[in-house]
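Comments concern the structure below.
Each chain gets a letter, A, B and so on, in the order the sequences are listed, and its residues count up from 1.
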There are 2 protein chains.
Amino acid sequence: MDTTQRTEQQRSADRRRRELLEAADRVVLREGPQASMNAIAAEAGITKPILYRHFGDKGGLYAALAKRHTDALLDSLRAAVDAPADRRERVEATLDTYLAAIEARPQVYRFLMHPAEGAPTGDQGFDVGKQWAPLLRRMGEELAQVIEERLDLGPGSQQLARVWGHGIVGMMHAAGDWWLGERPCSRAELVRSLADLLWGRLAAAGDKVGSPGF
Amino acid sequence: MDTTQRTEQQRSADRRRRELLEAADRVVLREGPQASMNAIAAEAGITKPILYRHFGDKGGLYAALAKRHTDALLDSLRAAVDAPADRRERVEATLDTYLAAIEARPQVYRFLMHPAEGAPTGDQGFDVGKQWAPLLRRMGEELAQVIEERLDLGPGSQQLARVWGHGIVGMMHAAGDWWLGERPCSRAELVRSLADLLWGRLAAAGDKVGSPGF
DNA sequence: ACTTGCATGTTACTTGCGGTAACACGAGTG
DNA sequence: CACTCGTGTTACCGCAAGTAACATGCAAGT
């Protein structure tokens, strides 16, 4: 009985929290990452202090929001990586999944990429790269794990896999960011070009005539 | 005569500007990218409005500051890319140059990466990826140019080169960021691993036993 | 029934930063 | 001597993060 009641309270709190997150989501989607706490509270039909009671500070809210989207995106990516197909196809599917996601919701994507914020007052510590972009870090780690599980890389494989994981994710991210801004080609072409890069076409390409002497 | 006086005045203004930039540099180096205009002005021994007269707004100051460092780093990178050596060595030298730079001055590097800012008031437009990270964009474009000049990539080479330029830069950046935070290996090992990735070892590696059926 | 406790909600405030207006001094020029 | 122009100041506005103090509704304890 009291259990049900307790869970009832907790459920209510959780539901509130989800509603707040969804409101925040809408505002961020509309106004971008610099959305103010006031705006988010207004969207949720309440006032600021409640947000602070639920999430501590702006960073907390953003972290919670980021976690939702990050989890969702990572699920999609896992599905693509785990698809039953050969390696090249899986790589292309993964790239395409990521690019489709950022194409569909640029605002969300942009929000996920720079929880820069930095505590506005106090906070001198700084610690480069520590809290930078959780999404990129998580993607890198997950990809590293997949690589290490699936590929036979000989000695030092774990470290190599991690470097590659973060490197590939960074490649995907930077290329996607640039592509989203300039739209120089179709998504399929971009995917193909990146996969070609990963497949060693850079090393295999011939020099152009008039390459530097020596 | 008046010419000398004019140039004298301009020189004086330019010197002031450089002094202000150096002061800003020290503050950013010490406090990170969220350094306040007040702090910078204090470091320079003056007050805020002068900064605004010289740089317009915070974005202007940051842009000027970023340009200095970006130009310097790009010069180093160009030297590495243009070294008289075979392709693999040049690629490794370029990676190493970049990584050495971010290793030497993490604060500066971190500052260069997120001029996120976003106009604090007004400004709904948003335009994803437009003003994101000038340094990454510039590096990507420059590398694309080098690739397109040097390599024979067949039809569509220009677009391919640009994708690769931004992709490689992103790979370097993300791997460097992660490496700087965790220091899981030496710089040389990181360089070697990344070059291996670019050389197609991902595609060449064998499957591990117990890979998913189908 | 009355009080206690707790979550939820409010208004009103403080602090700090980006940015600006208005004023003040010093030097060269008719 | 008046004029203006560059350099500097103080004092202010607006806005957003974050907090304190107060109000209310609802379950439980006696």
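When each of C:dT10, D:dG18, C:dA21 is scored by its nearest atom to the side-chain atoms of B:P49, the top-ranked nucleotide is C:dA21. The nucleotide whose nearest atom lies closest to any side-chain atom of A:S36 is, among D:dT9, C:dG19, D:dA16, D:dA16. Comparing C:dG18, D:dG8, C:dG9 against the side chain of B:M37 picks out C:dG18 as the nearest.
Remark: C1' of D:dA16 and OH of A:Y62 are 11 Å apart, rounded to the nearest angstrom. For the pair A:R15 CZ and C:dA7 C1', the interatomic distance rounds to 15 Å; values are reported in whole Å. Rounded to a whole Å, the CG atom of A:N38 is 9 Å from the C1' atom of D:dA17. Taking atom NZ of B:K48 as the reference point, atom C1' of C:dA22 lies 15 Å away to the nearest angstrom. Between the CD1 atom of B:I40 and the C1' atom of C:dG19 there is a distance of 14 Å, rounded to whole Å. Separating the CD1 atom of B:I46 from the C1' atom of D:dG6 is a distance of 14 Å, rounded to the nearest angstrom. Between B:Q34 atom CD and C:dG16 atom P the separation is 15 Å, expressed in whole Å.
Between the side chains of B:S193 and A:Q159, no donor-acceptor pair of N or O atoms lies under 3.5 Å.
A heavy atom lying under 4.0 Å from DNA chain D marks the following residues of residues 50-57 of chain A, by number: A:Y52, A:D57.
Under 4.0 angstrom from either OP1 or OP2 of C:dG9 there lies no side-chain N or O belonging to A:T47.
At least one cation-pi condition fails for B:R187 and B:W179: the charged atom is not both under 6.0 angstrom from the six-membered ring centre and inside a 45 degree cone around its axis.
Note that the NE2 atom of A:H166 and the CZ atom of A:R137 stand 6.5 Å from one another [nearest 0.5 Å]. Between the CG atom of B:L143 and the CG atom of B:L77 there is a distance of 9.5 Å, given to the nearest 0.5 Å.
Counting atom types as modelled, B:K58 pairs no side-chain N or O with a base atom of C:dG19 as donor and acceptor under 3.5 Å.
Between B:L180 and B:Y109 the shortest side-chain heavy-atom distance falls below 4.5 Å.
Ring-plane geometry between A:H69 and A:F111 is classed as perpendicular, the angle between the planes exceeding 60 degrees on a 0 to 90 degree scale with a lower cut at 30.
Between A:Y52 and A:K58, the shortest heavy-atom contact is CE2-N, 4.4 Å.
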